[in-house]
Amino acid sequence: MLKVKGVIGLQWGDEGKGKLVHLMSESFDVIARYNGGNNAGHTIVTNGSSFVFHLLPSGMMHSHILGIIGNGTVINPKVLLEEIDWLTQQGHQIQDRLFISKNSHLILPYHTFRDEWNENLRKQRIGTTKRGIGPAYTDKISRDGIRLGDTRDIYVFRQLLQQKLEEQKTMVQKLYGQDPLWDIPAIIEEYSQYAQTMAPFITDTAYLLNQAISQEKKVMLESAQGTMLDIDFGTYPYVTSCSSLVGGASTGLGIPPHYIQNTLGICKAYTTRVGEGPFPTEITSPEGQILLERGHEYGSTTGRPRRCGWLDIPALRYAIMLNGVEELAIMKLDVLDTLDEIRICTHYQPKDEANSEYPSSQHEFAQITPCYETIKGWKTETQNCRSFTSLPLIAQDYIRKIESYLERPVRFVSVGPDRKETIER
Ligand code: GDP
Ligand code: IMO
Ligand code: MG
């Protein structure tokens, strides 16, 4: 049996997963998303045009790929159908190529409403994408959600939706002291339309995927978000609401954990984060602005500027351990091309036994200081380099240094957004 390949973000998301999944998926048969929803934004740039996938697996532009969206995801039907429409307009056949789990959960208008309100009421905001992700997962866990499978019988769905909307309206009035002014009949009509259009895509994806694996199909798991945003192991509470580790793919798709092997960990040649929360290597000097502008570090989903910082080896070591990463992809090396000096955070101080654990609270983060090794910048353009040896020697050393700190081989080095701007070693 062929093993399933995991592709994981090792930082706070936006590492370049979309680019790499799209690139690698040429030699795969199935790409499966297993977590998150349209808080994700995975960018693909090919022949000068770019597209951001929020929900569909990033390999869907290849006509041979079967795309699976697993039970671990939360689905905004409007966004889903817009992506399907866009791909269809581009001449891609989607029917019989996209399968969405009947056990995935619907994001409804009251989820986005609550996301916005919860953020406004928090003394310390998380900086969510306000896409209703947290409230949709909250309802899932408290067993109040509506699943995609529930939309297949339109009569039952309309009744269920009516009941939920009325319950939620009462709850919003009690909790926030405000009438949400929802037009319940109009919402029911709108979502009934979505339900009918989505119906052909909804199925039991666990059977489908396990069958594909047993038939020796090559399967890739495309994570959304990044390890440091994981609900359990990320910088809680400044995290998302699901598991973004490779382990989440087992429960988010219904495949046995031992099927997953050869996980590729993706990170930028530096670090970024959108939203609030600890960020030990954040740059507050003007170099941060250089990375922001050269890297076009504006969120693919919300357009917010991303906070920028240096490469953080302790955080990456932690992420590699949690995911059993076997090989690495270093993205956006070209963004560092103009810097006089580049810093790598090699460890945090104090470095005693207790602190060898990765910090897990605001209090613990406040007590550590990142310690850096500084290297000279290479001050040469790398965007046109297509082999490792054509990179400036200092850039090669930078990659080798990362390999030695992380004790994992770097398989891909990315030097530009376009799929062709990639070096595979
Ligand atoms: P994802 O969420 O992990 O798929 O990443 P995003 O798509 O949100 O963000 C990555 C951004 O970096 C996108 O705008 C990509 O087009 C861009 N990108 C990816 N790789 C490179 C690279 O090597 N160099 C540069 N300059 N941009 C890149
Ligand atoms: P991709 O898949 C970067 C961040 C938000 C916020 C926190 C919680 O493109 O890498 P949420 O809306 O999930 O409740 O927000 O998580 N976040 C992301 N940051 N990339 C993502 O996805 C993200 N998905 C969520 O900015 O800080
Ligand atoms: Mg993104």
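Both ligands and their constituent atoms are indexed starting at 1 by order of listing. Note that the structure is a prediction, hence the values are computed from the model and not measured.
- Using a 4.0 Å cut-off to heavy atoms of Gly18, the atoms of ligand 1 that qualify are 4 (O).
- Side-chain contact of Glu403 with Tyr398: a donor-acceptor pair under 3.5 Å is absent, judged by distance alone.
- Around the Mg ion (ligand 3), the two atoms O of Gly41 and OD1 of Asp14 are separated by an angle of 160°, to 10 degrees.
- Heavy atoms of Pro417 found under 4.0 angstrom from ligand 1 belong to the backbone as well as the side chain.
- When atom types are taken as modelled, the side chain of Gln396 and the backbone of Phe388 share a donor-acceptor pair closer than 3.5 angstrom.
- Under a 4.0 Å criterion applied to the non-hydrogen atoms of Ser414, ligand 1 contributes the atoms 20 (N), 21 (C), 22 (C), 23 (O).
- For Val52, no heavy-atom contact with ligand 1 is shorter than 4.0 Å.
- Set against the non-hydrogen atoms of Ala224, the atoms of ligand 2 under 4.0 Å away are 2 (O).
- If you check the side chains of Asp14 and Thr272, you find no donor sitting under 3.5 Å from an acceptor.
- At least one donor-acceptor pair closer than 3.5 Å links the side chain of Asp418 to the backbone N or O of Lys420.
- The nearest non-hydrogen atom to atom 9 (O) of ligand 1, considering only Gln11, Gln383, Arg306, Glu297, comes from Arg306.
- Glu373 and Tyr405 form a side-chain donor-acceptor contact under 3.5 Å, judged by distance and modelled atom types alone.
- Ranking the protein heavy atoms by distance from atom 10 (C) of ligand 1 puts Asp14 O, 3.7 Å first.
- Of the protein's heavy atoms, Thr240 OG1, 2.7 Å lies nearest to atom 13 (O) of ligand 2.
- Nearest protein neighbour of atom 12 (O) of ligand 2, counting heavy atoms only, is Thr129 OG1, 2.5 Å.
- Side-chain polar atoms of Asp115 and Thr128 form a donor-acceptor pair below 3.5 angstrom.
- Listed by number with element, the atoms of ligand 2 under 4.0 angstrom from any heavy atom of Trp12 are 3 (C), 19 (N).
- In terms of protein heavy atoms, atom 24 (N) of ligand 1 is closest to Asp334 OD1, 2.8 Å.
- Scanning the protein heavy atoms around atom 3 (C) of ligand 2, the nearest turns out to be Asp14 OD2, 3.2 Å.
- For the pair Tyr318 (side chain) and Glu357 (backbone), a donor-acceptor distance under 3.5 Å is absent.
- Regarding atom 12 (O) of ligand 1, its nearest protein heavy-atom neighbour is Lys332 NZ, 2.9 Å.
- Using a 4.0 Å heavy-atom cutoff, Arg306 is absent from the residues neighbouring ligand 2.
- Remark: the Arg114 side chain and the Thr138 side chain contain no N/O donor-acceptor pair separated by less than 3.5 Å.
- Distance from atom 27 (O) of ligand 2 to its nearest protein heavy atom, with residue and atom name: Val274 O, 3.0 Å.
- Geometrically, ligand 1 and Leu333 share no nitrogen or oxygen pair separated by less than 3.5 Å.
- Between the side chains of Ser58 and Glu222, a donor-acceptor pair is found at a separation under 3.5 Å.
- Between the side chain of Asn35 and the main chain of Ser243, a donor-acceptor pair closer than 3.5 Å is present.
- For atom 15 (O) of ligand 2, the closest non-hydrogen atom on the protein side is Thr128 CA, 3.3 Å.
- Judged by distance alone, the side chain of Asn71 and the main-chain N or O of Thr251 form a donor-acceptor pair under 3.5 Å.
- Contacts with ligand 2 closer than 4.0 Å are made by no heavy atom of Tyr238, backbone or side chain.
- In this structure, His296 falls outside the shell of residues with a heavy atom less than 4.0 angstrom from ligand 1.
- If you check each of Ser300, Ser223, Ala329 against atom 8 (O) of ligand 1, the one with the closest non-hydrogen atom is Ser300.
- Looking only at protein heavy atoms, the nearest one to atom 26 (O) of ligand 2 is Arg304 NH2, 3.0 Å.
- For Arg294 (side chain) and Val335 (main-chain N/O), a donor-acceptor pair under 3.5 Å exists by modelled atom type.
- Assignment of Gly9 to the shell around ligand 1 is not supported, since no heavy atom sits closer than 4.0 Å.
- Close contacts between ligand 1 and Gly16 involve ligand atoms 1 (P), 3 (O), 4 (O), 5 (O) [criterion: under 4.0 Å to a heavy atom].
- Of all protein heavy atoms, the one closest to atom 15 (C) of ligand 1 is Thr43 CB, 4.0 Å.
- Of all the heavy atoms of His42, the ones lying under 4.0 Å from any atom of ligand 2 belong exclusively to the side chain.
- Between the side chains of Arg306 and Ser300, at least one donor-acceptor pair of N or O atoms lies under 3.5 Å.
- Between Arg131 and ligand 2 there is no heavy-atom distance shorter than 4.0 Å.
- Ranking protein heavy atoms by distance to atom 23 (C) of ligand 2, first place goes to Gln225 CG, 3.7 Å.
- In the candidate list Gly127, Gly275, Gly299, Ala40, Gly127 is nearest to atom 6 (C) of ligand 2, counting heavy atoms.
- By the 3.5 Å distance cut-off applied to N or O atoms, Glu276 is not counted among the residues near ligand 2.
- Of the listed residues (Gly41, Ser58, Gly9, Gly134), the one carrying the non-hydrogen atom nearest atom 9 (O) of ligand 2 is Gly41.
- In this model, a donor atom of one side chain and an acceptor atom of the other lie less than 3.5 Å apart for Thr302 and Arg304.
- For ligand 2, the atoms sitting less than 4.0 Å from at least one non-hydrogen atom of Lys17 are 1 (P), 2 (O), 10 (O), numbered in the order shown with element in parentheses.
- The closest approach between a heavy atom of Val239 and any atom of ligand 2 is below 4.0 Å.
- Of the charged side-chain nitrogens involved, at least one lies within less than 4.0 Å of a carboxylate oxygen, so that Lys130 and Glu116 count as a salt-bridged pair.
- Taking every non-hydrogen atom of His42 and a distance limit under 4.0 Å, the qualifying atoms of ligand 1 come out as 1 (P), 2 (O), 4 (O), 7 (O).
- In terms of protein heavy-atom proximity, atom 4 (C) of ligand 2 is closest to Leu229 CD1, 3.9 Å.
- Residue contacts with ligand 1 leave out Gly295, since none of its heavy atoms falls under 4.0 Å from the ligand.
- Distance alone, capped at 3.5 Å, places no donor-acceptor pair between the Glu297 side chain and the Pro305 backbone.
- Asp139 and His105 share no side-chain donor-acceptor pair at under 3.5 Å.
- At the shortest separation from atom 2 (O) of ligand 1 among protein heavy atoms lies Gly41 O, 2.9 Å.
- For the pair Ser361 (side chain) and Glu364 (backbone), a donor-acceptor distance under 3.5 Å is present.
- Side-chain atoms of Ser250 do not come within 3.5 Å of backbone N or O of Pro256 as any donor-acceptor pair.
- In this structure a side-chain-to-backbone donor-acceptor pair under 3.5 Å is missing from Thr374 to Arg343.
- Between Glu15 and the options Lys19, Gln11, Lys17, a side chain to side chain donor-acceptor pair (under 3.5 Å) holds for only Lys17.
- Heavy-atom contacts of Lys19 reach the following atoms of ligand 1: 20 (N) (cutoff under 4.0 Å).
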